[in-house]
2 protein chains.
Amino acid sequence: MEEITNYRCTVSVTLDIIGGKWKSLILWQLSFKTLRFSQLQRRLSKVTQKMLTQQLRELERDGLIHRKVYAEVPPRVEYSLTPMGQSVVPILQLMCQWGKDYLIATEQSAAVECAPTLKRIEV
Amino acid sequence: MEEITNYRCTVSVTLDIIGGKWKSLILWQLSFKTLRFSQLQRRLSKVTQKMLTQQLRELERDGLIHRKVYAEVPPRVEYSLTPMGQSVVPILQLMCQWGKDYLIATEQSAAVECAPTLKRIEV
DNA sequence: TCCATTAGTATCCTTTTTGATACTACCATA
DNA sequence: TATGGTAGTATCAAAAAGGATACTAATGGA
């Protein structure tokens, strides 16, 4: 006799919503502060405009982020976490810590920071 | 003036290792007990043999799971978490809880369980 | 002798994801 | 008048991921 699953695992519910290559990183950046589209794009250095737009739309649809459009020219759009989005932050914090520990354990721990080590630049 | 990142975010280190469609779910199943290949495959109902093999190889390479081959016929291979793999479990537990809360908050909470609700079958 | 079993490989093909590029509107400034 | 800046869309092409199928070894049992 053996046990078998005929249930919907809630880990995979979470993966459906914050999984993928970009969503966690977007939420993680927004957990520090509200950001504009272009600021997010600079922080996620490898993301293309198309991907960022797509992922933001999905996060908005799923109720994790809020999109605020200012009626200005040039356009300004600010993204921030909703309460639902805030509730993901503890998971991200654990992931951040685990990643650090992993790098240390595997001796790759050179020059890594969890929160931005920042260089100031002109905007 | 604005802050910009020139660092390697450790959230993305974690994503590189346990991200993707299957790895978290594999680790989650193995957190309950050591499982054979075919047992894992049955628990991850949608995974193909190819995908499961591939993901297990990567998890083994990254030091999260242990692969024990028994010299028997037909072959028997058992997968279990290493200490490094165990250290991921708290993240998975949070994800499990978050998924549950999300379903409740969005009123989709019918018939969902985090740990297997089990039906016994012949093996 | 033939079949079932397990844990895979190998191959080919399809689907999905991702990337690159060009284009838009609107206003301010040089 | 031309240029720059923001936050996008639209389109096509390339790359990656995933799926289907066939195949393997070695043994026990019908």
Side-chain angles (χ1 to χ4, degrees), chain A residues 1-4 12 15-26 29-30 33-62 65-81 121-123, chain B residues 1-4 12 15-27 29-30 33-62 64-81 121-123:
Chain A
M1 301 285 256
E2 198 211 343
E3 298 170 345
I4 198 175
S12 70
L15 285 174
D16 285 348
I17 294 175
I18 64 164
K21 205 172 167 182
W22 297 113
K23 288 181 181 175
S24 300
L25 298 176
I26 291 170
Q29 291 301 329
L30 293 180
K33 61 189 280 202
T34 294
L35 292 170
R36 299 176 63 171
F37 185 90
S38 57
Q39 294 178 307
L40 262 173
Q41 198 175 15
R42 254 171 275 139
R43 279 168 171 72
L44 276 49
S45 51
K46 299 278 162 44
V47 78
T48 60
Q49 200 166 33
K50 177 178 149 189
M51 277 296 106
L52 185 52
T53 303
Q54 203 175 91
Q55 303 295 300
L56 287 169
R57 291 288 179 281
E58 291 180 18
L59 287 169
E60 190 191 4
R61 180 201 65 198
D62 293 333
I65 65 173
H66 175 70
R67 180 167 180 269
K68 183 168 182 185
V69 183
Y70 292 84
E72 297 177 4
V73 167
R76 178 155 68 109
V77 180
E78 285 187 351
Y79 293 92
S80 57
L81 298 186
I121 59 154
E122 299 293 329
V123 166
Chain B
M1 301 283 260
E2 199 212 340
E3 298 171 346
I4 197 175
S12 70
L15 284 174
D16 285 347
I17 294 176
I18 64 164
K21 207 172 166 183
W22 298 112
K23 288 181 181 174
S24 300
L25 298 176
I26 292 170
L27 295 171
Q29 291 301 329
L30 293 180
K33 61 189 279 201
T34 294
L35 293 169
R36 299 176 62 173
F37 186 89
S38 57
Q39 294 177 307
L40 262 172
Q41 198 175 14
R42 253 171 276 138
R43 279 168 171 73
L44 276 49
S45 51
K46 298 278 162 41
V47 78
T48 59
Q49 201 166 32
K50 177 179 150 188
M51 276 296 106
L52 185 53
T53 303
Q54 202 174 94
Q55 303 296 301
L56 286 169
R57 291 289 179 280
E58 291 180 17
L59 287 169
E60 190 191 5
R61 181 200 65 197
D62 293 334
L64 302 194
I65 64 174
H66 175 70
R67 181 168 179 269
K68 183 169 183 184
V69 183
Y70 292 84
E72 297 176 5
V73 168
R76 179 155 68 108
V77 180
E78 285 186 352
Y79 293 92
S80 57
L81 297 186
I121 58 154
E122 299 293 330
V123 166

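Proteins come first, then strands; the chains are lettered A, B, ... in the order of their sequence lines, and each starts at number 1.
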**Item:** Gap between atoms CZ and C1', on A:R76 and D:dT6 respectively (whole Å)
**Value:** 11 Å

**Message:** From NZ of B:K21 over to C1' of C:dT15, roughly how many Å is that when rounded to an integer?
**Reply:** 11 Å

**Prompt:** Tell me: CD of B:Q55 to C1' of D:dA16, nearest whole Å?
**Reply:** 13 Å

**Prompt:** Nearest 0.5 Å, what's the OG-CD distance between A:S24 and A:Q29?
**Reply:** 12.0 Å

**Asked** If we only count heavy atoms from C-beta on, is the B:L30 to B:T34 side-chain gap below 4.5 Å?
**Response** no

Expected list for residues 67-81 of chain A: side-chain donor-acceptor pairs under 3.5 angstrom, two or more places apart:
unit_1: A:R67; atom_1: NE; unit_2: A:Y79; atom_2: OH; d: 3.2
unit_1: A:Y70; atom_1: OH; unit_2: A:E78; atom_2: OE1; d: 3.1
unit_1: A:E72; atom_1: OE1; unit_2: A:R76; atom_2: NE; d: 3.3
unit_1: A:E72; atom_1: OE2; unit_2: A:R76; atom_2: NH2; d: 3.0
unit_1: A:R76; atom_1: NH1; unit_2: A:E78; atom_2: OE2; d: 3.1

**Whole-Å gap separating C1' (D:dG5) and CZ (A:R36)** = 9 Å

**Request:** Indicate, with a heavy-atom threshold strictly under 4.0 Å, whether A:K50 touches base, sugar-phosphate, or nothing.
**Result:** base

**Message:** Let me confirm one number: the NZ-CG distance from B:K23 to B:D16, rounded to the nearest 0.5 Å.
**Reply:** 8.5 Å

**Complete:** In numerical order, the residues of residues 67-75 of chain B whose heavy atoms come under 4.0 Å of DNA chain C are B:R67, B:P74, B:P75

**Request:** Report yes if a side-chain nitrogen or oxygen of A:T48 is closer than 4.0 Å to either non-bridging phosphate oxygen (OP1 or OP2) of C:dT18; otherwise report no.
**Result:** no

**Asked** Quick one: B:Q41 CD to C:dA7 P, roughly how many Å, whole number?
**Response** 9 Å

**Prompt:** Within this structure, what is the CG-to-C1' distance between A:L35 and D:dA7, rounded to whole angstrom?
**Reply:** 15 Å

**Request:** Please say which of B:Q54, B:E58, B:K46 ends up in a side-chain contact (heavy atoms from CB on, under 4.5 Å) with B:W22.
**Result:** B:K46

**Prompt:** What do the steps show when you test A:L15 against B:K21 for side chain to side chain contact (heavy atoms under 4.5 Å, CB included), and what is the final call?
**Reply:** CA-CA 8 Å; A:L15 285 174; B:K21 207 172 166 183; over 6 Å; no

**Message:** Would you say that A:V47 contacts A:L40 through its side chain, given a criterion of any heavy-atom pair below 4.5 Å between the two side chains?
**Reply:** no

**Asked** Atom NZ of A:K23 and atom P of C:dT18: how far apart are they, to the nearest Å?
**Response** 10 Å

**Asked** Given that A:R57 and B:Q54 both sit by DNA chain D, which one's nearest nucleotide is further toward the 5' end?
**Response** A:R57

**Phosphate OP1/OP2 of C:dA7 contacted by B:S38 side-chain N/O (<4.0 Å)** = yes

**Asked** Rounding to a whole Å, what distance do you find between A:Q49:CD and D:dT6:C1'?
**Response** 9 Å

